[in-house]
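Contents: one structure, followed by commentary.
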Protein chains: 2
Amino acid sequence: MNQRQQELLDRLNRSGKAVIEVEAEHFGVASMTIRRDLRFLEKNGLAVQTKKGAIPKPKIYAAPLNMAEDSAVKRKIAVRLLEMIEPSSTVLLSTGTTTLTFARLLAQQNLPMTIITNSIPIASALFQTRIKVILIGGELRTTSLDLVGPAAEKYLSEYHIDLLVTGCDGADAQQGFYTSDLNLANLEKLSAKVSDKVIVITESRKFGRKALVKFAEIADVDAIITDNHLKAIDRELITRNGVEVFTT
Amino acid sequence: MNQRQQELLDRLNRSGKAVIEVEAEHFGVASMTIRRDLRFLEKNGLAVQTKKGAIPKPKIYAAPLNMAEDSAVKRKIAVRLLEMIEPSSTVLLSTGTTTLTFARLLAQQNLPMTIITNSIPIASALFQTRIKVILIGGELRTTSLDLVGPAAEKYLSEYHIDLLVTGCDGADAQQGFYTSDLNLANLEKLSAKVSDKVIVITESRKFGRKALVKFAEIADVDAIITDNHLKAIDRELITRNGVEVFTT
DNA sequence: GTTAAAGATGTTAAAAAATAACATTATATT
DNA sequence: AATATAATGTTATTTTTTAACATCTTTAAC
């Protein structure tokens, strides 16, 4: 990378964008030269070419965080859960999109509490709040920004948790809760074991969809928070197990 | 925003990019329609139009993340370090801006190796590459997205590392290396202990600036990689300790 | 139900931008 | 200085984007 390319990259990072004609003027070179420079920067993962120029390459870790948009349904569930949280308690918040929505809500509340999680997006969402955040170490999954594996389990086994809050990929009112990753299922089982109380938060549409691995029986949990489209029969089956059901 | 635009945004966020012709095909509409949709998404701050399509709008995150831009000096140091890395080795990459620059370089190379780190940005930068990433658990610092504390130390103490790569906040050619956080210093000391080899990468301007806590003597490290503005006297003092110095 | 209006989508010609190919200039090497 | 090599500039060609307008769809009013 030559002097001009470096300065171009610096200007790009400083201002957030580069316009070919403007840069060609600034450096006193042909626009073709700037085109070649931007091509070079893109090739090296430092920039992304846009319509008439380029922008800095979006940092990789930002993208997955943006992926999980908060849906209206998830936000309602999160608000319902918030009412049930004891201030100053220690909560284990497992990876998932609904739990992430809840974490974003918590960040706004800024309560003095401790959150333990295996999700990088959740930890990031709680960054620079009054909440003390402990991230469980482990192997980074290639499918999502969270940590699982034996090391994660070992790490977690030394904690004692007041409340576990987790989501699920699938649920059945008689069978229990499912996730699509075996490693994650193991971690979830252990999480429930070290926690005094377990709450599952999930959209009602997850009911009837079984995923790869079961990580908990219905009776293993203390409460389920879901939206108001939960079928009456499912609700009946759950409460029969002594599990509380809260809807939005 | 209509149904198609919603789904288009969804696909955009999921895959990280949208190509006009591909999307037109997928939705069974004219490419002009997708152009109009992307124009709309850009206008609403949800996407940035690129050469033949668009990417999701890079969200600006907390200041500490954005400040860590790759500078030309850091990139040169990172390139120099890359030449010295054994493929398939296990490297402990400590938190820092220079180490983050190196991680970004590594992500482009996509070598089959294992990286252990206590930095969330570093772990994220290596997400979805062939590199196996292990994130050390611990307490999230409020000043930067990394993990420290007794739990982190306990976690780390069970590993054996080929090579530790770390930066520093301050350095002195006679006294050693400094950082501004006591917890981090403790972790750094332990990191050096569990590693066969230690390389410090740092900009030469850090020399002569002492920070709060010393975490290593000069003689504790095997090599230092810095830029070519390192003073001759500093270089002399370092090599006298049997420590190799590489400059860009 | 009909009809007008507004909005969305499709089509195509014109404009703009990007590329490729080659010419020229600068830089490095011997 | 001669030569090779790399970088930059120029321009013709191709591709992409835009703008303008035609057509189709939806909505709302009557």
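Each chain gets a letter, A, B and so on, in the order the sequences are listed, and its residues count up from 1.
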In whole angstrom, what separates [X]'s [atom1] from [N]'s [atom2]?
X     : N      : atom1 : atom2 : answer
B:E21 : D:dT15 : CD    : C1'   : 11 Å
A:R35 : D:dT11 : CZ    : C1'   : 13 Å
B:R39 : D:dT16 : CZ    : C1'   : 12 Å
A:Q49 : D:dT15 : CD    : P     : 17 Å
A:D37 : D:dG9  : CG    : P     : 10 Å
A:N2  : D:dA7  : CG    : P     : 8 Å

Rounded to the nearest 0.5 Å, what separation is found between the [atom1] atom of [X] and the [atom2] atom of [Y]?
X      : Y      : atom1 : atom2 : value
B:L38  : B:I20  : CG    : CD1   : 5.5 Å
B:L82  : B:L105 : CG    : CG    : 5.0 Å
B:L230 : B:E236 : CG    : CD    : 11.5 Å
B:I122 : B:I116 : CD1   : CD1   : 12.5 Å
A:Q175 : A:K210 : CD    : NZ    : 4.5 Å

**Message:** For a side-chain contact (heavy atoms from CB on, under 4.5 Å) check, start with the C-alpha distance between B:E21 and B:S31, then their side-chain angles and the critical distance, and finish with the verdict.
**Reply:** CA-CA 6 Å; B:E21 292 306 326; B:S31 62; 3.7 Å; yes
**Criterion side-chain hydrogen bond (donor to acceptor under 3.5 Å, both in side chains) on A:T247 and A:N228, from CA distance to verdict** = CA-CA 5 Å; A:T247 55; A:N228 50 22; over 6 Å; no
**Prompt:** Which nucleotide of DNA chain C is the first, and which the last, in the 5' to 3' direction, to come under 4.0 Å of a heavy atom belonging to chain B?
**Reply:**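 Contacts span C:dT9 to C:dT19, reading 5' to 3'.
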**Message:** Please tell me if A:K51 has a side-chain N or O lying less than 4.0 Å from either OP1 or OP2 of D:dT16.
**Reply:**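 No, because none of the side-chain N or O atoms of A:K51 sits under 4.0 Å from OP1 or OP2 of D:dT16.
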**Item:** 5′-ward residue of the pair A:R4/B:M32 relative to DNA chain D
**Value:** A:R4
**Request:** Indicate yes or no: at least one non-hydrogen side-chain atom of A:I120 is less than 4.5 angstrom from one of A:L140.
**Result:** yes
**Message:** If you define the side chain from C-beta out and look only at heavy atoms, does anything of A:I199 sit under 4.5 Å from A:I224?
**Reply:** no
**Item:** Bend angle of the helix from C:dG1-D:dC30 to C:dT30-D:dA1, end axes from five pairs each (to 10°)
**Value:** 30°
**Item:** Comparing B:R36 and A:T50 on DNA chain C - which has the more 5′ nearest nucleotide
**Value:** B:R36
